[in-house]
Every structure is written in C-alpha cells, then in structure tokens.
Amino acid sequence: MESAPGVPYPVLDRDLQVDVAVVGGGIAGLSTAWELTRAGRSVAVVEAGRIAAGVTGNTTAKVSALHTLVYADLAASAGPEAAALYARSQREAIAHLIATATELGAACDIERVPSLTYVESADGVGKLRAEAEAAEQAGLPASFVTTSSLPFPIAGAVRVEDQAQFHPRAYLLALAEAMTGQGALIFEGTRVVGLKEGTPCRLTTAGGQTITAADVVVATHYPVFDRSLLFTRMEPHRELVVAAAIPADQDPGGMFITTEQSTRSVRTAPYGDGQRLLIVTGESFLPGSGNVEDRLERLRSWTVERFVGARLTHWWAAQDNDTTDGVPFVGPLHPGARHAYVATGFGGWGMSNGVMSGLLLSALITGGESPWAGLYDPRRLRPVREAGPALKMQATVARHFVGDRLSSAGTGAQDVIDLPAGQGTVVKRGGKRCAVYRDENGALHAVSAICTHLGCVVGFNEAERSWECPCHGSRFGVDGTVLQGPAVTPLERVDLGSPGGETSG
C-alpha cells in the first residue's frame, strides 16, 4: 500500500447498464473484469473501498501451485483426476499472470523462486512424503527434501520449483489502468447492498443507484449474497503478518510455509539497495476470538529469533476463508442461478486462485469451456470429504451464536467506567448487548454488538481496534462502519449516556 498508492476511481453517482457487473475489486474481481473486457464485454467493477486494498492489499502474495497440503487429501477424496485438474488450473493461472504482467509492462517485482511446505518435527515427515508423491503425480515438479535455505533446520519439506512472488497491488493497478483504457468502468467507495437476479440482473447500492447487467459476479472474498448457503461450508480465519528488513545476502530465496506453530509462512520482497523485506505470516485465529496482542508478540519474537538481525518495520493482518473440502467455490452462485456467479473460499491462496477464477468465470459467461469447471463448481457435494469439517464449522458457529448470547456480560456502568483507553468490551444495556470502545481521548463509542449479517455477537480485536464476528468473519470499525463483509450494513449506534465518559456520536 505504501509503495503503490494508485489513483482514485469515482464513486458511482448514477444508474448504470453494462454487460457484466463485478462486485469486488480484489484480484478475483479485477482478473475477471480484465478477461471479460478483453472478450469484448462492457464491464463495471464496483468496490466498497478501494480496489486492490482489502484482502488483496494485505496478502503476502505467493503465487504458487503448492497450497500447503492439498494434493494427497484431494486425490484420496475426489480421485487423482481431480488432483491433476487442480494442479493444472493453478499452473495455468501462474503462467497467465506472468504473461499478463509482461504484456502490460507492469513493474510488479515478479521473481521466480521455489515453494516449500516444511515441518520441523519428525512427526510430520510421513504426511509430507505422501504430499510430495501426490503433487508429483498431479503434474507438479515436486520432490521431498530434508534441507532448505532457511536459517534453521527442518525435518522435511515438499519442494516445487519455479513458482513466483510479486507485488500484487502494483500488478492490479496496471491491470485496472489497462482495462479502463479499453472501456471498462471502475467505481470505488460504492457498496452494493442488493441483488435481484433475472434477465437482466439488477444491483442496488447503498447510495440508491441501480446497476443493470446481463451477468453479475460476486467477488467480495466472502460472498455478500449467499443464496447457496456457502456460509455453512466455509470458515473464516485471520492471520497476523510482520515485516522486517534483512540484508540481501540473508534472503532464503524461496517461499516457505508450515502448519506447525499456528502456521508460519515466510517470503521476501525487494526493499531498497542491499536489503530485502522479510514477510512472515502466522498465528492463525478465528476473528473475534481475542488475545491478538499476545499472538502478535509471539510472531514478532519468532521472526527476530529465527532471522537474527531482522529489523521489524511493519505489521498487519489478513483474512481468508477455508472450504469444507479444501477447494474454492468458483462458478454459479446457487443451483438455480443462470446469470449470477461467485468466487470465494481461496483458503489463503488467493493469488493463483484469483487469476484462475477470472479465467474460469469469463469462460462460463462468454459460453466457453473450462476443464476444471466441475472441480470448482459451488453446487458440488462431496459428502465423504465435507461431512466432518462441515459439522465442525457449524458447531463453532452454533457455539458462538447461542453461547455468546448466553454468556455473562457486564451490566454496563461499572464495566464501561473501568474500560481502559484503546480497549473494547461487550456489555448488556437495557437487555441488549452493546459493543463499547474507549478511544485514546477517553471518549466512548457504543454500537450494537449483534452482527448485521446473521446475528452473532461480535468480539473485540485489541491489536487492530475493530469489532469482529466469529461466525462468518464480518469486521466493523469502532464506530460500527463495515470494514469487511459479508455484512453490508453497519452496526447500529447506541446511546449509553455518560457512564464514566461522554458517548461519541
């Protein structure tokens, strides 16, 4: 975000008619819009915030077909043909991204490096050997290795050669400039709140505008319109990221990830003369589950202990959605959909999957064919693979939906009086749960604690100072504004009066 500020695009202030409306301006939405523009369709991208600044703007930007551990499980549950299709779709997406960047002359720091999934404990070696074999059989240049260029020993790793890392925002800003030059429209600061399917489809915005389109693509990361009940088959998770400057000669020269230690993911990027920016992701947690400051400190400590001399420069967080069978949902929005499509559930691998989604959805919309359309079809059902994860996910949602409502909460006055600056708490006031935050000046900001998506109770993230829904991952500012969907409506403001401080409007 610092190195690629970009230019602003206008807010939609009129009714509009196009061939295709794409809701969401991340890599999936912009890639889809680009492919459709090149195919001769009139396209409008509508983004609630700024393009390439949400999930995509916070990604660690690994462009890899090695998605931690997916191939052995996929081959076992859906067959080796499915695993081969998955590998081929990812390989082609990577090649397409690189070719597009080259065609556009995008200065997006593409570097070809190996990708490794590793373990430090010998207990995980067997699973990695099986994954390496399955990935190789699926068509990847994969092998099992016992050493790496990381500055600490590993017990084993799956290694896939010739993958990529890049600057995603710089790439997508170049894509946006190219597509608008060919007639596509991009609108920022425009939140879509309604979808009426038909021939044509109609979208409505929070500002009251109507977009009429023959086809609609919902590419909002977590779908804001979920008519196939995908929320029952996806679980959000959030991960912290720290960045640190290291000497260029200490660059491990690859992309690395492990599921151990609540995930640790490592890669580097160019960072001035003689330096690289080390990017470390980890401490996976459910949105709204708390203890974020402690998790952040663990990640910082791990980084400086494993990479001696690393100078911490930034930290942030990113959010992803895991599906019950480990495969994204890309295709028709629901069983009855004829002109509405969705791309979601990338499980932390949004760069290759975002480009893959653009290729797949553009083929579906223009009447083309894709050999992996069935693999990613949101209407698919894989009971053997999905039953266990689905039950676990819904148990988590039920626990929060019911348990958080029944759990004890302060009655309001004393809890609010004792609330330190920079902290938030959920209290009961007049029989309703309120989310209360005290800012650094001592003023209180109170909003309803009930998520406007499906009614779960939000929790406070003290590190990012936001309210988060543990059920489906919606995030809100301390003033109730929507930071991240699927919610499209802000939390209602609450008047607490003055129990220990003025309530801010």
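Quick note: residue numbers are just sequence positions, from 1. Owing to the predicted nature of the structure, the values given are computational and were not obtained by experimental measurement.
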Applying ring-ring contact (aromatic ring centres under 6.0 Å, His included) to Phe166 and not counting sequence neighbours gives Tyr171
Sorted by chain and residue number, the ring-ring contact (aromatic ring centres under 6.0 Å, His included) partners of His67 (sequence neighbours excluded) come out as Tyr86, Trp349
[X] vs [Y] side-chain heavy atoms within contact, under 4.5 Å:
X	Y	result
Thr323	Arg233	no
Thr489	Val482	no
Arg380	Phe329	yes
Arg238	Gln484	yes
Ser115	Phe256	no
Phe187	Val11	no

Glu111 meets the side-chain hydrogen bond (donor to acceptor under 3.5 Å, both in side chains) criterion, sequence neighbours left out, with Gln165, Arg276
Excluding sequence neighbours, so at least two apart, what forms side chain to side chain contact (heavy atoms under 4.5 Å, CB included) with [X]?
X	result
Thr425	Leu419, Val427
Thr313	Ala243, Ala245, Tyr271, Leu277, Arg311
Gln261	Glu120, Arg264, Trp302, Arg306
Thr37	Val43, Met179, Gln182, Ala184

Is there a donor-acceptor pair closer than 3.5 Å between any side-chain N or O of [X] and the backbone N or O of [Y]?
X	Y	result
Gln163	Ser64	no
Glu462	Val292	yes
Arg169	Ile51	yes
Thr263	Thr259	no
Lys62	Gly348	no

The complete set of salt bridge (charged side-chain N to carboxylate O under 4.0 Å, His left out) pairs with one or both residues in residues 47-59, sequence neighbours excluded, reads Arg50-Glu188
Drop me the distance from [X]'s [atom1] to [Y]'s [atom2], to the nearest 0.5 angstrom.
X	Y	atom1	atom2	answer
Trp34	Thr180	CH2	OG1	10.0 Å
His237	Ser284	NE2	OG	4.5 Å
Leu12	Ile186	CG	CD1	13.0 Å
Asp215	Arg41	CG	CZ	8.0 Å
Arg267	Met255	CZ	CE	8.0 Å
Ser357	Tyr341	OG	OH	14.0 Å

[Y] and [X] side chains, donor-acceptor separation under 3.5 Å:
X	Y	answer
Ser89	Tyr376	yes
Gln319	Asn58	no
Thr281	Glu239	no
His167	Ser3	yes
Glu235	His472	no

Note: Glu464-Arg475 ion pair, threshold 4.0 Å (strictly below): yes
Can Glu305 and Arg300 be counted as an ion pair, charged N to O under 4.0 angstrom? no
Partners passing salt bridge (charged side-chain N to carboxylate O under 4.0 Å, His left out) against Arg191 (at least two apart in sequence or in another chain): none
All salt bridge (charged side-chain N to carboxylate O under 4.0 Å, His left out) counterparts of Glu440, not counting sequence neighbours: Arg465
Evaluation steps, side chain to side chain contact (heavy atoms under 4.5 Å, CB included), between Val304 and Leu312: CA-CA 8 Å; Val304 297; Leu312 295 170; 4.0 Å; yes
Is it true that the SG atoms of Cys456 and Cys469 are less than 2.5 Å apart? no
Which atom pairs, one a donor and one an acceptor, fall under 3.5 Å between side chains of residues 200-213 and the rest of the protein, sequence neighbours left out?
unit_1 : atom_1 : unit_2 : atom_2 : d
Thr204 : OG1    : Gly194 : N      : 3.3
Thr205 : OG1    : Gly207 : N      : 3.3
Thr205 : OG1    : Gly208 : N      : 3.4
Thr205 : OG1    : Gln209 : N      : 3.1
Thr205 : OG1    : Gln209 : OE1    : 2.9
Gln209 : NE2    : Gly207 : O      : 3.4

Pairs involving residues 14-33, ordered by first then second residue, that meet side-chain hydrogen bond (donor to acceptor under 3.5 Å, both in side chains) (sequence neighbours left out): Asp19-Ser42
Just do the side chain to side chain contact (heavy atoms under 4.5 Å, CB included) check on Val426 and Trp467 with the steps written out, would you? CA-CA 10 Å; Val426 174; Trp467 296 105; 4.0 Å; yes
Apply side chain to side chain contact (heavy atoms under 4.5 Å, CB included) to residues His445 and Asp439 and explain how you reach the verdict. CA-CA 8 Å; His445 304 259; Asp439 66 26; 2.9 Å; yes
Give the intermediate values and the outcome of side chain to side chain contact (heavy atoms under 4.5 Å, CB included) for residues Ile257 and Val266. CA-CA 6 Å; Ile257 190 168; Val266 174; over 6 Å; no
